[in-house]
Amino acid sequence: MTNPIHNSIARVLEQISGACEQAERSPEDVRLMMVTKTVEAARIREALASGQTLIGENKVQEINAKYDALADVAHDTHLIGHLQTNKIKDVIAQVSCIQSLDRVKLAHKLEQRLEFEDRTIDVLVQVNTSGEASKFGVAPEDTLALIEETLHCERIRIRGLMTIGANTTDESRIRACFRSLREIQAQARDRFADRAQFDELSMGMSGDMALAIAEGSTLVRVGSAIFGAR
Ligand SMILES: *Cc1c(COP(=O)(O)O)cnc(C)c1O
């Protein structure tokens with residue numbers, strides 16, 4: 001008998017390669033992040049035993065709580081949820097990327113702390129492409145200004161952009177969010193060509209990963225399709 005989590009991961013990987021085929025893209029260009037929020041460390045260990053190494057958590061406290069229990073397993077953790085400036089010091093040693101950079105004040109406070117610790121970190125700029133009030137993220141029209149400001153922070157390396165698709169069953173509206181992120185990427189590449197690549201487009205979750213892949217996602221963040229409903 002194979003492990004149910006491993007079966008789910010295999011199914012998700014098949015979905016990813018199917019979507020890549022549809023979009024005439026190479027499956028190697030789309031990475032899987034396993035979103036482990038609310039999942040206990042023992043099950044995360046099982047998931048990591050499949051060979052997948054990238055996990056995403058949306059709360060600093062949860063990252064801290066599971067850190068020791070996962071310390072002996074090779075993996076990478078990204079923060080994919082809102083970051084309050086007073087939590088920066090608690091999280092930066094435990095993640096390799098913060099996918100939720102969404103305001104200038106956060107960039108400045110992050111830079112300050114990184115200077116103090118004499119290190120650097122990768123970030124994605126989170127854009128609120130759906131305009132939903134419940135979602136964090138910089139407004140599309142303010143994104144280039146935030147990037148400009150962040151590029152002055154020498155210890156922060158902008159790797160690309162992140163978004164969450166609209167919360168609707170209307171596929172065209174979800175797709176429009178992902179297309180909007182790709183358009184902002186093109187503008188950023190144009191404007192800041194000599195300063196960063198913006199290669200990563202983190203978009204797509206359990207319910208909408210195929211749409212995101214069709215619009216150029218390089219990283220899908222999948223929780224419930226692997227671990228079940230939360
Ligand atoms: C929870 C979460 C996901 C995963 O959502 P699923 O629908 O469970 O796949 C992806 N991205 C972010 C930012 C999340 O908070």
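The chain is numbered in sequence order, starting from 1. In listed order, ligands and their atoms are each counted from 1.
In this structure, I80 CD1 and R221 CZ are separated by 6.0 Å, a value rounded to the nearest 0.5 Å.
With hydrogens and angles disregarded, a donor-acceptor distance shorter than 3.5 Å links the side chain of R25 to the backbone of I213. Although no hydrogens or angles enter the test, the distance criterion places no donor-acceptor pair under 3.5 Å between the side chain of E57 and the main chain of T77. Using a distance-only test at 3.5 Å, with no hydrogens or angles considered, a donor-acceptor pair links the side chain of R45 to the main chain of A69.
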Carefully, step by step, assess N167 and E132 under the rule side-chain hydrogen bond (donor to acceptor under 3.5 Å, both in side chains).
CA-CA 8 Å; N167 185 13; E132 287 166 0; 5.3 Å; no
Applying side-chain hydrogen bond (donor to acceptor under 3.5 Å, both in side chains), run through D102 and S100 and close with a yes or a no.
CA-CA 6 Å; D102 62 356; S100 48; over 6 Å; no
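The protein residues lying under 4.0 angstrom from ligand 1, judged by non-hydrogen atoms, are V35, K37, I80, I164, M205, S206, R221, V222, G223, S224, R230.
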